[in-house]
Amino acid sequence: MKRLNTLKLNYEFKNVFNKGKYYIGNQVIIYILKNKYQDNRLGIALSSKLCNAVKRNRIKRVIRAAYKKNINNCIKGYDIVIIWNKKADIEDLSYSIILEDIKRIFLNSGLKK
């Protein structure tokens with residue numbers, strides 16, 4: 001399976017947060033910004049105040065899996081940052097809800113063909 005291109009540097013995340021458009025779902029908030037590359041780059045940002053490391057890593061794994069499921073037939077050339085919605089309870093973490101959030105947001109933003 002092909003590796004995901006990811007955002008790694010602080011200024012890349014800040015650029016997407018400051019200049020990108022955001023869309024709010026039930027459990028995730030997604031920021032989207034056009035980039036100069038030929039492929040999409042994913043960043044996942046979770047605060048350490050949110051929960052302990054084990055739960056944060058589980059959230060990241062679930063988000064990454066849902067993103068991979070939805071990335072087919074998407075327009076290329078965007079930076080995408082996904083953060084956890086603070087209003088959602090971490091105990092209610094659900095792959096199906098995150099999958100539907102990402103699918104709906106990609107359709108609303110015009111990323112999905």
Side-chain angles (χ1 to χ4, degrees):
M1 180 178 271
K2 187 178 152 185
R3 262 183 81 121
L4 285 177
N5 290 336
T6 58
L7 299 172
K8 292 180 178 69
L9 301 175
N10 191 22
Y11 76 89
E12 295 172 335
F13 280 90
K14 282 185 179 179
N15 194 24
V16 175
F17 285 136
N18 292 335
K19 297 179 183 174
K21 292 184 74 174
Y22 68 94
Y23 302 90
I24 300 174
N26 293 331
Q27 291 189 339
V28 293
I29 299 171
I30 300 179
Y31 288 82
I32 299 173
L33 179 67
K34 186 136 179 78
N35 65 23
K36 60 184 177 182
Y37 304 108
Q38 296 297 321
D39 206 8
N40 289 340
R41 299 188 303 169
L42 176 68
I44 300 173
L46 296 174
S47 172
S48 59
K49 296 177 183 179
L50 190 63
C51 55
N52 64 17
V54 175
K55 290 181 182 176
R56 283 196 311 270
N57 287 332
R58 170 137 172 76
I59 292 169
K60 287 191 264 187
R61 278 197 314 271
V62 169
I63 289 173
R64 229 179 273 118
Y67 173 78
K68 285 179 183 178
K69 182 99 173 174
N70 278 308
I71 197 62
N72 297 336
N73 300 325
C74 279
I75 298 171
K76 303 293 182 196
Y78 285 90
D79 289 338
I80 301 165
V81 176
I82 302 176
I83 62 174
W84 184 259
N85 192 349
K86 292 180 195 175
K87 295 179 181 175
D89 189 24
I90 295 165
E91 303 304 321
D92 297 335
L93 173 68
S94 170
Y95 172 76
S96 60
I97 294 174
I98 291 176
L99 185 68
E100 288 301 315
D101 280 350
I102 292 175
K103 187 183 299 184
R104 185 178 47 79
I105 289 171
F106 281 5
L107 285 172
N108 289 345
S109 66
L111 245 123
K112 197 88 157 165
K113 293 178 185 175

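The two residues Phe17 and Ala45 come nearest to each other via the heavy atoms CZ-CB, 4.3 Å. Counting all heavy atoms, side chain and backbone alike, Asn26 lies closest to Ala88 at O-CB, 3.6 Å. Residues Asn35 and Asp39 come closest through the heavy atom pair ND2-O, 3.5 Å. Of all non-hydrogen atoms in Ile32 and Ser109, the two that sit nearest each other are CD1-OG, 3.6 Å. Residues Ile59 and Cys51 approach most closely at CD1-SG, 4.4 Å, considering heavy atoms.
Aromatic ring orientation, Tyr22 versus Tyr31: tilted (interplanar angle from 30° to 60°).
Between Leu4 and Tyr67 the shortest side-chain heavy-atom distance falls below 4.5 Å. Looking only at side-chain heavy atoms (C-beta outward), Phe106 and Ile80 come within less than 4.5 Å of each other. Side-chain contact between Arg64 and Leu42 is present, with at least one heavy-atom pair separated by less than 4.5 Å. Counting only heavy atoms from C-beta outward, the side chains of Lys69 and Leu99 approach each other to under 4.5 Å. Contact check for Gln27 versus Asn85: no side-chain heavy atoms found under the 4.5 Å cut-off. In this structure, the side chains of Ile102 and Ile82 come closer than 4.5 Å at one or more pairs of heavy atoms.
The backbone N or O of Ile71 lies less than 3.5 Å from no partner atom in the side chain of Lys112, so there is not a single donor-acceptor pair. Judged by distance alone, the side chain of Asn40 and the main-chain N or O of Tyr78 form a donor-acceptor pair under 3.5 Å.
Note that CG of Leu111 is 8.0 Å distant from OH of Tyr23, once rounded to the nearest 0.5 Å. Taking CG of Leu46 as the start and CZ of Arg58 as the end, the distance is 13.0 Å to the nearest 0.5 Å. To the nearest 0.5 Å, the span separating CZ on Arg41 from CG on Leu33 amounts to 9.5 Å.
For Thr6 and Lys8, the side-chain atoms include at least one donor-acceptor pair closer than 3.5 Å.
Val28 is not connected to Phe13 by any chain of hydrophobic side-chain contacts under 4.5 Å among Ile, Leu, Val, Met, Phe, Trp and Tyr, and they are in different clusters. One hydrophobic cluster holds both Ile105 and Trp84 under the rule that ILVMFWY side chains link at heavy-atom gaps under 4.5 Å. The same ILVMFWY cluster, assembled from side-chain heavy atoms under 4.5 Å apart, contains both Val16 and Ile24. One hydrophobic cluster, built from ILVMFWY side chains closer than 4.5 Å, holds both Ile29 and Val81. Clustering ILVMFWY residues whenever any of their side-chain heavy atoms sit less than 4.5 angstrom apart, transitively, puts Val62 in a cluster other than the one holding Ile97.
Summarising the local packing, NZ of Lys21 is surrounded by 12 or fewer heavy atoms from other residues, nucleotides or ligands at distances under 6.0 Å. The local environment of NZ in Lys76 is crowded, with over 12 non-hydrogen atoms from other residues, nucleotides or ligands closer than 6.0 Å.
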